[in-house]
Amino acid sequence: MTEFRTIDVSGLPSYDVSSQSPLWWGQLMITFIEGTMFGILIAAYFYTRLRMDVWPPPGDQYPHLLLPSLALVPLILSCAGSYWASESAKKNSRLGMIAGLLLNLVLAVIALAMRIVEWHSLNFNWKADIQGSYVWAFLGLHTFDYIADLVFTAVLLVLVLIGRYGPKQRLGVHVDSVVWYFLVLIWIPIYVTIYWAPVFAGSQQ
Amino acid sequence: MTATQDFTPQIPNQAEEVEQLHRSWRHPRGVLGWLSYTTHQAIGTRYIITAFIMLLTGGAEALLMRTQLARPNNGFLSPDRYNEIFTTHGTTMMFLFAVPMMEGMAIYLVPLMCGTRNVAFPRLNAFGYWMFLFGVLFLYWGVFTNAAPDVGWFAYPPLSGPQFTPGKRTDYWAQMITFTEVSALCVATEIIATIFKMRAPGMSLNRMPLYVWSLLIQSFMVIFAMPAVVIASSYLLSDRTVATQFVNPAEGGDPILYQHVFWFFGHPEVYIIFIPALGFVSAIVVAHARREIFGYTAMVLAQIANGFIAFGLWVHHMFATGLPQIGEAYFTASSMMIAITSGVQIFCWLATLWTGRPRLTTALHFIYGFLVIFVVGGLTGVVLASVPLDWQVHDTYFVVAHFHYVLIGGALFPLFGAFYHWFPKITGRMMDEKIGRLNFWVLFIGFNLTFFPMHIQGLMGMPRRVYTYPAEMGWGPLNFIETIGAYIIGIGGILFIANVVSSHRSGRIAGNNPWDADSLEWATASPPENYNFEYLPVATSRYPLWVDRSERAFVTGLRNDRREALVTTLMDAEPHHRYVFPASSIWPFITAIAVTIGFAGSVFNPWYIVWGSVLSGLALVGWFWPRGDSEAES
């Protein structure tokens with residue numbers, strides 16, 4: 001019988017709530033996928049604009065700037081809640097997770113409500129013309145992801161509140177923050193495209 | 001280098017620990033159990049078998065087309081039917097065979113080669129397979145209800161738009177894309193996480209097998225390319241179902257933009273198919289030439305460069321659309337650049353074979369076949385990169401010849417080599433070498449007989465995608481030869497299947513490492529148990545099975561009463577923490593059904609997106625809901 005060398009790993013922890021976890025990397029890849037998708041759409045928006053003489057197309061009003069700009073405030077602040085929850089998940093502080101997730105959810109819902117109110121002031125839909133198609137594609141896709149992540153965050157909050165959580169759920173809280181930072185971050189170029197591009201790159205007659 | 005048969009350590013309590021492993025990795029029973037499998041061997045095999053059936057289907061469609069084209073003015077297929085068949089042939093081969101087949105092989109091999117027990121996200125893996133399967137069923141449901149797509153595998157608007165192709169044909173096509181891209185993205189994500197974080201201790205990046213490198217690069221390409229086809233197919237689908245204006249020129253939409261977005265995916269797609277095939281070539285060349293690869297670093301860098309350049313040459317598919325000259329010049333140069341990175345790899349393989357001690361096995365036959373065919377296809381690629389030549393032969397059979405040379409030569413021949421190489425690992429039995437060699441020669445001759453004359457025929461001016469041609473064009477004899485060649489390929493396929501069936505039943509028992517190969521998948525039983533390794537191996541070299549026995553090492557101390565593996569650091573693969581895989585689960589299947597209700601229904605009524613989302617959301621909550629004590633804080 002040959003003696004083999006062995007590495008004994010029984011002393012290593014059986015989980016790790018950090019970027020060392022495979023789940024964190026999986027989540028990062030998903031943000032790459034969505035980031036690429038939104039990046040291509042933004043490029044396509046400007047490609048389309050270059051081919052048109054009049055922008056926004058006749059009949060489309062310039063989108064209002066005030067409400068969507070104000071909505072950035074709760075949106076960006078909600079990252080603080082997400083960060084709080086994520087750091088608390090690393091330290092296994094239940095109270096911190098509850099407070100952070102709650103703050104994240106409340107601010108995100110406020111920002112979402114402002115966004116939905118703003119929709120009613122747009123005087124074109126996706127059928128109207130090419131700008132309408134792009135604006136509603138941005139709004140639709142981003143809001144879909146946004147709501148999906150809110151639901152996921154709410155489920156995590158419920159799990160922490162009723163105490164049915166362990167390392168996997170804490171890791172969930174941690175990677176949930178990765179998704180949330182991404183959704184907030186990617187909204188900024190989308191916001192600039194939807195609301196400011198008609199102003200600084202437009203030419204209405 | 002020493003004999004490597006016995007690569008299992010002897011450790012006290014071994015029998016007891018292995019018994020525990022058996023129990024915790026056992027598959028659940030019954031039909032519901034079968035739908036709940038999450039081991040990478042099971043899912044990988046399902047991908048491989050499903051994709052192989054798609055290869056046969058796409059091949060049968062090709063034979064129908066070749067039969068129609070065998071002589072001028074043939075009436076075997078109607079023009080409409082011909083359009084449907086060339087569309088489903090291209091769609092099937094690209095989306096339902098080639099990519100899923102490469103993914104299936106990766107799902108099976110990457111965890112073994114990395115020395116771990118499963119892919120990083122086993123349930124996501126199962127979900128990806130079900131999405132792929134439902135995509136197959138969705139498209140072929142259309143085909144068998146006389147609603148096959150008929151606008152080409154790329155579905156260019158305005159032809160494919162709501163105005164010129166009413167009905168559901170194109171919607172089936174576009175939504176099938178959604179199914180397969182979800183599946184491909186699931187696989188890419190889990191393969192990257194597996195390669196980055198679950199490699200055997202000691203397998204630093206510069207010790208990773210070239211096949212694993214190829215999958216890492218391919219997965220990143222999937223991540224950056226697939227979103228483009230998400231957008232292209234969504235343009236089409238939303239224009240057709242909810243009246244957006246993305247590709248409608250009357251309202252400012254742009255059909256050319258569709259082509260840009262489609263080919264920003266479509267060109268990398270070709271490399272997504274053939275980069276894993278280059279990985280097969282490297283693995284087979286090393287094992288069968290019985291020496292280390294020549295120029296490992298150059299090979300890795302060339303593959304990475306290949307991956308990057310692939311994103312910078314999509315416009316060469318659009319030279320005939322009228323582009324600014326600067327664009328033409330740029331994309332000609334970048335297209336020719338691919339010859340450099342491909343050339344580096346070819347010379348490295350040749351040098352390895354030249355200085356090695358090659359065994360002329362069937363697998364190596366297929367690699368030699370690959371080298372010949374792929375170089376020919378590469379040369380016509382350089383020709384096509386030049387705009388004036390491209391214009392001359394655009395949409396002729398010259399292009400058909402070119403891409404079949406690079407795709408069949410570049411992907412299918414290495415794939416068959418891979419089947420012969422890894423069949424012993426997957427089934428535990430050797431394939432018959434005599435039939436194997438016959439199999440190779442029949443395929444090689446049939447292939448060249450079918451596709452080589454197409455170069456000439458294209459230069460003679462025969463356009464692609466026409467269902468027939470008049471006799472006075474003089475294209476008849478070449479077409480007839482090609483049809484004969486196509487049937488010879490068909491015979492090659494039958495030989496392969498016969499060999500698989502008979503070898504699976506009564507082939508020679510393979511043992512752990514019949515080729516005396518170098519990488520970790522050969523360090524365990526054939527076929528591997530669900531847990532792959534009794535004790536996870538340590539990679540003490542780039543060729544871990546070729547080091548002296550005294551150099552080998554293993555991991556102990558993982559818990560065997562649940563599905564555990566080891567997470568290691570990204571660069572140096574140092575042990576970091578233990579990782580608990582989820583148990584078998586029915587939820588990926590249920591979630592895939594919910595998503596399918598949304599995807600399939602939305603072709604008929606956009607509101608299904610909402611219902612499908614609600615159902616999928618509920619299914620995901622079920623998926624992630626914690627159950628059992630194993631989830632609790634320990």
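Nothing here was measured: the structure is a model prediction, and the numbers come from that model. Residue numbering restarts at 1 for every chain, and letters A, B, ... go by the order of the sequence lines.
Of the atoms belonging to Val9(A), heavy atoms from both backbone and side chain fall under 4.5 Å from chain B. With a 4.5 Å cut-off on non-hydrogen atoms, Thr540(B) touches chain A through its side chain but not through its backbone. If you measure heavy-atom distances from Phe246(B) to chain A, the contacts under 4.5 Å come from both the backbone and the side chain. Contacts between Val555(B) and chain A at a heavy-atom distance below 4.5 Å involve backbone atoms as well as side-chain atoms. When heavy atoms are compared at a cutoff of 4.5 Å, Ala120(B) approaches chain A solely by way of its side chain, counted from C-beta outward. Of the atoms belonging to Leu159(A), it is side-chain heavy atoms, and not backbone ones, that fall under 4.5 Å from chain B. For Phe196(B), the part lying near chain A is the side chain, with the backbone staying farther off; criterion is any non-hydrogen pair under 4.5 Å. Neither the backbone nor the side chain of Ala148(A) has a heavy atom closer than 4.5 Å to any heavy atom of chain B. With a 4.5 angstrom heavy-atom cutoff, Leu124(B) does not touch chain A via any of its atoms. Only the side chain of Leu566(B) comes within contact range of chain A, judged by heavy atoms closer than 4.5 Å.
Here the closest heavy-atom approach between residue Ile7(A) and residue Pro201(B) is recorded as CD1-CB, 4.2 Å. Shown here for Thr568(B) and Gln20(A), the closest heavy-atom pair between the two residues is O-OE1, 4.5 Å. A pairwise comparison of heavy atoms in Thr189(B) and Met29(A) identifies CG2-CB, 4.0 Å as the closest pair. Minimum heavy-atom separation, Val580(B) to Ser14(A): CG2-O, 4.0 Å. The two residues Ala44(A) and Tyr235(B) come nearest to each other via the heavy atoms CB-OH, 3.3 Å. In this structure, Thr48(A) and Gly252(B) approach most closely via the heavy-atom pair CG2-O, 3.6 Å.
Open room surrounds CH2 on Trp196(A); 12 or fewer heavy atoms of other groups in view lie less than 6.0 Å from it. The neighbour count for Ile162(A) CD1, taken as heavy atoms of other residues, nucleotides or ligands under 6.0 Å away, is above 12.
In terms of heavy-atom pairs under 4.5 angstrom with chain A, the leader among Ala193(B), Ala243(B), Pro575(B), Pro582(B) is Ala243(B). Listed options Asp129(A), Leu41(A), Ile40(A), Asp16(A) were ranked by heavy-atom pairs under 4.5 angstrom with chain B; first place goes to Asp16(A). For the set Tyr134(A), Phe144(A), Phe38(A), the entry with the most heavy-atom pairs within less than 4.5 Å of chain B is Tyr134(A). Interface summary for chain B: among Val151(A), Asn125(A), Leu28(A), Leu23(A), the most heavy-atom pairs under 4.5 angstrom belong to Leu23(A).
Atom CD1 of residue Ile147(A) and atom OG of residue Ser613(B) lie 9.5 Å apart, to the nearest 0.5 angstrom. Distance check, rounded to the nearest 0.5 Å: CG of Leu257(B) to CD1 of Ile130(A) gives 8.0 Å. Atom CD of Glu34(A) is separated from atom CG of Leu185(B) by 10.0 Å, given to the nearest 0.5 angstrom. Rounding to the nearest 0.5 Å places CD of Gln245(B) at 10.0 Å from NZ of Lys127(A). Rounding to the nearest 0.5 Å places CG of Leu141(A) at 8.0 Å from CD1 of Ile231(B). Here CZ of Arg5(A) is found 6.0 Å from CD of Glu551(B). Values are rounded to the nearest 0.5 Å.
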Set out, in order, the CA-CA distance, both residues' side-chain angles and the distance that settles side chain to side chain contact (heavy atoms under 4.5 Å, CB included) for Asp254(B) and Tyr47(A), then state yes or no. CA-CA 10 Å; Asp254(B) 189 2; Tyr47(A) 173 99; 2.9 Å; yes
Walk me through whether Leu570(B) and Trp25(A) qualify under side chain to side chain contact (heavy atoms under 4.5 Å, CB included). CA-CA 11 Å; Leu570(B) 196 156; Trp25(A) 285 91; 3.3 Å; yes
Could you give me the CA-CA distance, side-chain angles and deciding distance for Trp625(B) and Arg164(A), then say whether side chain to side chain contact (heavy atoms under 4.5 Å, CB included) is met? CA-CA 9 Å; Trp625(B) 198 261; Arg164(A) 291 205 57 175; 3.7 Å; yes
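When atom types are taken as modelled, the side chain of Trp126(A) and the backbone of Val242(B) share a donor-acceptor pair closer than 3.5 angstrom.
The aromatic rings of Phe152(A) and Phe624(B) sit perpendicular, their planes meeting at an angle over 60°, well past the 30° parallel limit.
In this structure the side chain of Pro22(A) reaches within 4.5 angstrom of the side chain of Phe121(B), judged on heavy atoms.
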